[in-house]
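Inspection log for the structure reproduced underneath, given as structure tokens.
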Amino acid sequence: MYRGNRNYIFHTTLIALMVIAVLMAIRVVPSFGLLGAELRRADIVSDVVTRDTLNATEVEPELLLASAEPSHEPSPKVSVKVPERAADTLPTERKSVVRDTLISSVSSEGAADTAATARVRDGIVPIEDYSPDGSALDAFRAAMSQRDGRVVRIGVMGDSFIEGDLMTGDLRESLQSRMGGSGVGFVPITSIVSKLRQTVAHTYSGWKTHSVRKRNGADIDGRFTISGYVYTPNDDNATVTYRVTDFKRHLKNVRLVDFFFVNKENTEILATVNDTTELVFTPPADDGIQKITIASDVPVSKVKFNFKRVGGFYAYGASLGGSRGVQVDNFGDRGTSGLQMSKLRSQTNTRFDALHPYDLIIIEYGLNVVTRGTMRYTSFEEQMSAIVANVKACYPGASVIVMGLSDRSSNQDGVYRTMPEVKAMIRHQRAIARNAGVAYWDTFTAMGGDDSMVGFVAKRWASKDYTHVSPRGAAFIAERLADALIDAL
């Protein structure tokens with residue numbers, strides 16, 4: 001029956017208010033674990049209410065990195081090595097020598113509410129050894145004793161804390177200055193921060209990117225290495241170019257370039273060195289990872305790769321360096337919790353390790369897991385403990401260090417203070433190191449302990465989100481880590 005024009009404004013407003021009330025109630029529900037995953041708090045007003053965020057991608061303009069200009073070197077005399085394939089056996093196991101190491105054991109459950117439990121000795125925050133026999137760093141020590149005759153390779157896995165070679169660029173420079181070495185190390189095929197990263201000038205076109213977080217339509221299960229990424233060319237027009245910069249010391253003396261890939265069919269690789277020397281590689285068909293090596297008598301300033309007949313071709317990236325000293329590879333991935341690295345498979349990674357062996361792997365995750373109001377990260381601890389153990393199995397010749405969470409502050413009654421959730425995560429991170437029998441380094445204490453992030457922000461060593469360090473803050477932390485690594489030898 002027709003009732004005329006009725007006014008529904010009241011009912012509509014009432015329903016809208018009820019929906020908003022429900023969503024605001026959900027906003028205060030803390031994160032929790034479900035089926036092995038960490039579910040984050042929902043917040044419908046996050047864009048209009050000031051709140052600390054661990055996934056922030058925008059920082060102050062002055063804290064952003066800038067594009068790097070390539071350096072120019074004379075044309076090289078280039079020698080070429082044939083494609084290499086990983087051996088079917090694991091790398092030779094290094095003998096362990098037990099040494100006394102400072103151990104600071106902290107239980108993740110029921111521990112005292114403090115994160116700064118590492119004893120600072122002579123201004124150094126020592127690396128803590130949680131292996132059963134004190135041998136967590138023996139592989140690294142043995143390699144460093146041979147650094148004059150070979151490369152000591154360090155891989156750093158992490159999130160936005162190391163994105164764009166932040167922190168790792170300074171760690172590399174510090175170690176190479178003290179212990180020798182050259183080059184930027186491993187650089188991927190594509191990168192969302194390629195225009196911001198200053199330690200290498202990196203351009204590319206014609207690639208599809210696949211990651212442990214997003215497969216992007218490819219059948220690439222089991223093909224991920226420590227980087228968490230693999231790339232496929234769209235067609236024969238795909239290219240990637242790496243140019244050396246002098247942003248940090250020791251980057252320019254590149255004499256060896258290794259390129260890593262899978263060639264299931266008959267792809268041809270063309271390399272142009274310093275815009276003058278052209279090389280053609282026809283690697284054999286193989287389902288496993290291979291590498292080609294360019295060895296130059298003079299420094300390589302630029303190398304460009306092109307490809308023909310790209311069917312069945314997967315690429316990983318290139319390593320730029322030398323034949324001795326320390327090399328540091330950056331594997332930063334913005335926004336990751338690290339739990340996706342459970343997709344690493346031993347068959348692929350042991351083959352990669354045989355071609356590109358690691359002596360130390362530093363694992364830095366947790367920044368994107370810490371959530372306001374959440375004091376227990378048991379699910380994260382359990383899953384990350386298994387991932388760290390798997391990394392050890394994939395790279396059996398490497399020592400492993402879990403790098404603890406940096407300080408993060410929040411507004412507490414009008415004053416910025418260290419978030420209690422940070423200390424809770426640090427307790428779980430120490431437990432991860434203990435569960436996996438590896439080493440741990442206390443970044444929180446190295447920064448200065450409680451409320452150190454406030455001091456970093458005051459000195460412009462960190463962004464005003466009180467979460468992300470700036471290049472200066474990263475350099476400070478890197479120097480402290482380098483001190484700890486050398487102290488452990």
Side-chain angles (χ1 to χ4, degrees), residues 54 101-109 111-121 124-131 136-137 154 156-162 166-168 171 332 336-339 360-371 374-378 380-381 383-385 387-388 391 399-409 418-453 456 462 466-469 473-474 476-485 487-488:
L54 287 168
T101 306
L102 174 65
I103 299 178
S104 179
S105 180
V106 180
S107 171
S108 65
E109 300 294 338
D113 186 19
T114 177
T117 57
R119 295 202 311 269
V120 179
R121 185 179 66 244
I124 296 173
V125 177
I127 296 170
E128 307 163 25
D129 191 330
Y130 287 96
S131 63
L137 294 177
I154 300 172
V156 186
M157 307 166 62
D159 48 35
S160 59
F161 188 79
I162 63 169
L166 197 66
M167 200 283 291
T168 50
L171 177 64
T336 183
S337 67
L339 298 181
L360 174 65
I361 295 176
I362 299 173
I363 301 176
E364 179 275 314
Y365 294 116
L367 187 66
N368 295 295
V369 179
V370 171
T371 308
T374 300
M375 297 296 294
R376 291 170 61 91
Y377 299 94
T378 305
F380 177 78
E381 176 189 322
Q383 294 179 74
M384 188 54 66
S385 295
I387 289 171
V388 173
V391 169
S399 297
V400 176
I401 297 175
V402 173
M403 184 174 175
L405 198 67
S406 56
D407 187 28
R408 179 190 174 201
S409 298
T418 293
M419 291 174 57
E421 295 86 354
V422 167
K423 295 184 178 183
M425 171 57 77
I426 290 173
R427 290 195 295 272
H428 284 281
Q429 288 178 317
R430 273 198 171 90
I432 290 167
R434 182 175 60 252
N435 295 340
V438 301
Y440 176 84
W441 188 66
D442 191 344
T443 311
F444 182 90
T445 297
M447 287 181 64
D450 286 325
D451 306 328
S452 54
M453 180 57 75
F456 271 49
Y466 288 83
T467 299
H468 294 90
V469 296
F476 176 85
I477 295 171
E479 195 69 19
R480 302 296 298 275
L481 177 55
D483 289 342
L485 290 172
D487 176 70

Open item on the list: Less than 4.0 angstrom from a charged side-chain N to a carboxylate O is my criterion; do R408 and E421 meet it?
Closed with: no
Open item on the list: Do V125 and L481 have side chains that approach each other closer than 4.5 Å (heavy atoms only, starting at C-beta)?
Closed with: no
Task: Flag, side chain of S452 to backbone of G449, donor-acceptor distance under 3.5 Å - done: yes
- [ ] Would you check if Y377 and Q429 make a side-chain contact, meaning some heavy-atom pair closer than 4.5 Å?
- [x] no
TODO: Kindly state whether the ring of F476 and the ring of F456 have centres lying under 6.0 angstrom apart.
DONE: yes
Open item on the list: So M157 and I362, do their side chains get closer than 4.5 Å, heavy atoms only?
Closed with: no
Task: Test item: D129 side-chain N/O and A136 main-chain N/O as donor-acceptor pair under 3.5 Å - done: yes
- [ ] List the steps and the verdict of side chain to side chain contact (heavy atoms under 4.5 Å, CB included) for S406 and F444.
- [x] CA-CA 5 Å; S406 56; F444 182 90; over 6 Å; no
Open item on the list: When you compare the side chain of L137 with that of I127, does any pair of heavy atoms fall below 4.5 Å?
Closed with: yes
Open item on the list: Could you report the tightest heavy-atom contact between L171 and A478, atom names first, then the distance?
Closed with: N-CB, 3.5 Å
Open item on the list: Can you confirm whether M167 sits close enough to E364 that some side-chain heavy atom of one is under 4.5 Å from a side-chain heavy atom of the other?
Closed with: no
Task: Criterion side chain to side chain contact (heavy atoms under 4.5 Å, CB included) on T443 and L405, from CA distance to verdict - done: CA-CA 6 Å; T443 311; L405 198 67; over 6 Å; no
Open item on the list: Please report the interatomic distance OG1(T445) to CZ(R480), rounded to the nearest 0.5 Å.
Closed with: 9.0 Å
TODO: Please examine the side chains of L367 and S160, heavy atoms only from C-beta on, and report whether any two atoms are closer than 4.5 Å.
DONE: yes
- [ ] Could you tell me whether the side chain of I401 reaches within less than 4.5 Å of the side chain of V438, counting heavy atoms only?
- [x] no
Task: Spacing of M384 atom CE and Y365 atom OH [to the nearest 0.5 Å] - done: 7.0 Å
Task: From R430 atom CZ to E381 atom CD, the distance as rounded to the nearest 0.5 Å - done: 13.0 Å
- [ ] Work out which heavy atom in A439 is nearest to a heavy atom in A433; give both atom names and the distance.
- [x] O-CB, 3.8 Å
Task: CA sep, side-chain torsions, deciding dist, call: M419, Y466, side chain to side chain contact (heavy atoms under 4.5 Å, CB included) - done: CA-CA 10 Å; M419 291 174 57; Y466 288 83; over 6 Å; no
Open item on the list: Please check this pair: side chain of T374 against backbone of R376, looking for a donor-acceptor N/O pair closer than 3.5 Å.
Closed with: no
Open item on the list: Side chains of T418 and D407: any donor to acceptor distance under 3.5 Å?
Closed with: yes
TODO: Please name the pair of heavy atoms, one in P126 and one in V120, separated by the smallest distance, quoted to 0.1 Å.
DONE: CD-CA, 4.5 Å
Open item on the list: I'd like to know if the side chain of D487 reaches the main chain of D483, judged simply by a donor and an acceptor atom lying under 3.5 Å from each other, with no hydrogens or angles considered.
Closed with: no
TODO: Would you mind reporting whether T467 and M453 have side-chain heavy atoms less than 4.5 Å apart?
DONE: no
Open item on the list: Set out, in order, the CA-CA distance, both residues' side-chain angles and the distance that settles side chain to side chain contact (heavy atoms under 4.5 Å, CB included) for M403 and I477, then state yes or no.
Closed with: CA-CA 11 Å; M403 184 174 175; I477 295 171; 4.1 Å; yes
Task: Distance (rounded to the nearest 0.5 Å) between L485 CG and I154 CD1 - done: 6.0 Å
